[in-house]
Amino acid sequence: MRLRHWPANPAIALLTASALLSGCGGNGEKDQIRDAVCNRVNDLFASQMGCNATPAKPVVSIDVFGARGQTLIARVSTGTCTETPKIAWSNSSGQSLGTDLTLEDSTPDSKLTISATCGTGSATQTLAANSVSTAGAAFAVLQNGKVYLWGSPEWGGAYTPVESISNISKIIATERGFAALLADNNVMSWGPDAITIEKPADATSGESPKATGALQNLKDIQPGYNAFFATRQDGSFVAWGNLYSVSQDDYFPLNHAQLGLTAEQITALSNFRSVAYTESAYALIAADGTVQSFGEADSGGNSYKIGSQKLRRVAGNRYDFVAQTEDGNMVGWGSGYSSPLYTSSGTQLSNVSSFVLNGYSGAAIDSNAKAQAFGSSAYIESADSSAVAAQLSDVKSVVASEYSFAALKKDGTVVHWGDSPRMQASFDAVKSKLTQVIRLFANDQAFVALKSDGTVVSWGDAEKGGDSSAVSADLKNVLTITGNQYAFAALRSDGSVVSWGMQSKGGNSSSVKARLANVRAIYGTAFGGFLAVTKSGDYVTWGDAWAGGDSSRVSGKLTAIPYYAQ
């Protein structure tokens with residue numbers, strides 16, 4: 001660009017520059033003219049031209065959505081800043097956790113901080129540590145050492161002894177009840193009678209003690225189905241609760257002579273790593289990576305086939321255990337599995353990066369992003385993925401219903417197999433809409449796909465959430481979805497909530513619609529209760545009252561559930 005000759009008089013220069021700037025089309029040309037004028041004018045006119053002005057600092061703000069322990073989604077506003085904001089998540093120790101707008105929250109028990117920087121502007125937001133725990137039909141909220149309970153009393157929704165104390169440091173939930181780790185490292189637990197322990201002496205007294213040893217000096221507790229497994233301060237192992245026998249249709253303590261833990265196993269499980277369970281057996285990975293299992297042999301209680309192999313992860317479905325070895329191979333034991341594991345086409349599963357189980361079979365993704373199903377394909381349809389094998393490449397993730405699977409591919413499309421009588425027709429009806437999918441969700445009988453544009457596609461059992469057509473007009477700008485066994489609830493970017501599925505189990509939230517504003521997190525119990533927490537800490541419940549949909553029991557006692565740190 002050729003600059004014009006400027007008048008010597010600064011006032012004339014200012015008027016000339018103003019006229020030129022008003023006629024310039026691009027910011028770059030305007031800036032060059034302004035710079036030229038600023039070099040010629042005195043201080044008086046320089047200030048009028050904005051020569052000495054400091055650029056406005058961009059106003060950056062952060063908001064976060066999602067329940068602690070699940071996927072967190074950050075929404076960042078950068079005002080006038082045109083750069084791509086830099087994101088950083090960190091835990092309370094300052095450890096870096098990620099740099100994306102979404103985060104899989106692996107540290108829910110501690111505060112979490114997210115920061116965003118754009119140009120010279122920045123902002124931080126700190127999330128409160130998780131305080132909500134859910135059993136199958138009850139909620140527990142921990143605040144300032146006290147616990148607040150509601151839902152089914154038989155599933156832990158009411159227990160007066162623990163509600164009267166104020167030295168609780170952590171709540172642990174099983175599917176059937178809760179345990180409270182106390183500040184003095186002792187424990188209280190409640191729910192069914194087998195796990196209910198008010199004081200340590202209850203665990204070892206009587207003819208049929210509930211625990212394998214003294215419940216004192218505990219360091220860490222992990223849940224099973226209807227049992228707890230703990231490590232003491234010295235690393236020793238102790239457990240309490242029960243296991244169910246399918247063959248005898250009865251419950252037995254964990255130290256039962258035939259089905260329970262042996263003395264050798266208790267010794268071997270010092271500083272154990274993880275727990276898994278089937279309907280009538282438990283499997284625990286010891287500190288050295290070997291497995292210790294007990295319960296009914298036909299449901300995985302005998303893991304002799306695995307020997308001393310080192311395991312990375314173990315999981316259970318109805319009657320079988322499946323484990324990933326440290327070298328990426330797959331092994332299994334129980335009712336229908338053998339070791340090593342093979343697909344229905346006879347291919348041995350190896351180089352596995354992740355796997356998921358439904359009630360009766362499994363699906364694994366290998367290091368090449370190829371997915372394959374496994375299990376007793378002669379009896380279980382979802383154990384055979386051969387019909388869609390050509391489509392199961394470049395797989396990002398797999399989710400499971402009780403009898404089927406859905407795979408999300410890296411190109412945003414979805415592949416489904418299994419449970420044809422219930423699923424196939426509804427899947428075929430929506431298959432063309434399953435593009436640009438970013439996440440999949442499932443309950444026992446239905447699937448939901450969240451697309452990149454914030455819309456939703458569902459299929460499966462219509463009554464249990466497979467048909468969302470009645471609320472399709474409202475399913476826009478969705479950020480995340482929470483489900484129970486019968487219904488789904490979608491959280492939108494404006495903080496509103498849309499639910500569908502079985503009306504009495506949370507599929508109808510119309511009675512609390514006006515209160516479902518500025519919601520940031522939704523929690524659900526398996527049997528039909530929902531809990532929404534707002535940005536300010538207000539909370540709303542709906543669904544089956546028995547399953548936690550009615551929180552009136554704590555009304556006036558629990559005034560808020562903080563989402564952001566105080």
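- Residue pairs satisfying the salt bridge (Lys or Arg N to Asp or Glu O under 4.0 Å) criterion with at least one member in residues 150-164, sequence neighbours excluded, are listed as follows: E163-R553.
- Using modelled atom types and a 3.5 Å distance limit, the side chains of S299 and T278 yield no donor-acceptor pair.
- Among residues two or more places apart in sequence or in another chain, the side chain to side chain donor-acceptor pair (under 3.5 Å) test is passed with T174 by none.
- Among pairs with a residue in residues 174-195, those fulfilling salt bridge (Lys or Arg N to Asp or Glu O under 4.0 Å) read D193-K210, at least two apart in sequence or across chains.
- By the 30° and 60° cut-offs, the orientation of the rings of Y403 relative to Y360 is parallel.
- Look at K505 and D544 and you find a salt bridge, because one of the NZ, NE, NH1 or NH2 atoms lies within 4.0 Å of a carboxylate O, short of that distance.
- For the salt bridge (Lys or Arg N to Asp or Glu O under 4.0 Å) condition, no pair includes a residue of residues 438-450, sequence neighbours left out.
- Annotation for L440 and A407: closest pair CD1-C, 4.0 Å, computed over non-hydrogen atoms.
- Rounded to the nearest 0.5 Å, atoms OH (Y148) and OH (Y539) are 9.5 Å apart.
- For the residue pair T134/T525, the side-chain donor-acceptor check at 3.5 Å is not satisfied.
- Every residue two or more places apart in sequence or in another chain was checked for a side chain to side chain donor-acceptor pair (under 3.5 Å) with S426, and none qualifies.
- Here CG of D250 is found 12.0 Å from OG of S280. Values are rounded to the nearest 0.5 Å.
- Among the candidates Y277, W240, Y282, the single residue satisfying the ring pair (Phe, Tyr, Trp, His ring centres under 6.0 Å) test with F228 is W240.
- No salt bridge links E402 with K464; every basic N to acidic carboxylate O contact stays at or beyond 4.0 Å.
- Partners of R515 by salt bridge (charged side-chain N to carboxylate O under 4.0 Å, His left out), not counting sequence neighbours: none found.
- F355 carries R313 over the face of its six-membered ring, with the cationic atom under 6.0 Å from the centre and within 45° of the normal.
- Contact record, N271 with K219: OD1-NZ, 4.0 Å, taken as the closest heavy-atom pair.
- A salt bridge is defined here as a Lys NZ or Arg NE, NH1 or NH2 lying under 4.0 Å from an Asp or Glu carboxylate O, and D234 with R232 fails to meet this definition.
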